[in-house]
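Here is the structure we will look at, set down as structure tokens.
Nothing here was measured: the structure is a model prediction, and the numbers come from that model. By convention in this document, chain letters (A, B, ...) are assigned in the order of the sequence lines, proteins followed by strands, and residues within each chain are numbered from 1.
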Amino acid sequence: MFECRLPKAEVLKKTMDALKDLIKEAVWDVSAQGLSLQSMDSSHVSLVQVTLRTEGFDTFRCDKNIALGVNMDTMQKLMKCASNDDNITLKSEDNGDLLSLIFESPNGEKTSEYEMKLMDLDIEQLGIPDQEYSCTIKMPSGEFQRICRDLSNIGESVNITVVKGGVDFSAKGDIGNAKIHVTESSNVDNEKDAVTVEVNEPVNLTFALRYLNFFTKATPLSGQVSLSISPDVPLVVAYEIEDLGHVKYFLAPKIEN
Amino acid sequence: SKQQTSISSFFKPK
């Protein structure tokens, strides 16, 4: 038996919004640690990893590890039936083929129960190595979203150059070129507005904007985004979900042939 | 020109 309850459906709705354009099907792994999901996009260029920790739930019961194979589009559609303020319970039997989603209004006057058919999915899990990164940039998530969107008007790729004190995002295309320079904040009252740039060694890498734009669908989950970059390895774009977990995206770089 | 690499060339199956 698996059963968990979150005080607000909003966070799970936003999580589904952050995933459904990138992946069509996925497996939620349920264990005593919480819910987690890992999946590559269909082109195998990027990977998304989600962790929702037990401690962040109102209640969490998992008698036995289970894997819930879901169609992301279906799950997102059902989640949309919840109001943001509803509390939400997810429930599944150990060998069941259904996931129950129960939404209760804050005043307790309305309870909606949906049952979603589960899928038997065999999705390859990749080992994500723990590593130190050459550079880590933290910035307002809305600013990063804006940069990715704006540079998409110019080209298909963004070149990210990180040096001490700042970062350049640049794009080239048939119509012209663009460069956006973001400087590290010198003095910030509100942590959410801060830009911090940690540099062990300067890096310069190129990434497909198409995927970065998919990743920025997670913007409503967190005021800040962190970008971890090292030469010739996937970029990590991470959104922390307050008190609950994170959504992390990994994007393979474009490199010279 | 630069070519897109695959995520599975960096991360191996568990």
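Contacts between residues 227-239 of chain A and chain B, defined by a heavy-atom separation under 4.5 Å, are made by Asp232(A), Val233(A), Pro234(A). Using a 4.5 Å cut-off between non-hydrogen atoms, the part of residues 129-148 of chain A that approaches chain B consists of Pro129(A).
Applying the 6.0 Å contact sphere to NZ of Lys164(A) captures no more than 12 heavy atoms from other residues, nucleotides or ligands. Dense packing is recorded around CG of Asn177(A), with more than 12 heavy atoms of other residues, nucleotides or ligands lying under 6.0 Å away. Within 6.0 Å of NZ on Lys179(A) lie no more than 12 heavy atoms contributed by other residues, nucleotides or ligands.
Closest approach of Ser6(B) to Ala252(A), counting heavy atoms only: C-CB, 3.8 Å. Counting all heavy atoms, side chain and backbone alike, Val45(A) lies closest to Ile7(B) at O-CB, 3.6 Å. Smallest separation of non-hydrogen atoms from Lys2(B) and Asn159(A): NZ-ND2, 4.1 Å. Considering every non-hydrogen atom in both Pro13(B) and Glu124(A), the closest pair reads CG-OE2, 3.4 Å.
Rounded to the nearest 0.5 angstrom, Glu156(A) CD and Gln4(B) CD are separated by 10.5 Å.
Of the atoms belonging to Glu256(A), heavy atoms from both backbone and side chain fall under 4.5 Å from chain B. Contacts between Ser1(B) and chain A at a heavy-atom distance below 4.5 Å involve the backbone alone (N, CA, C, O).
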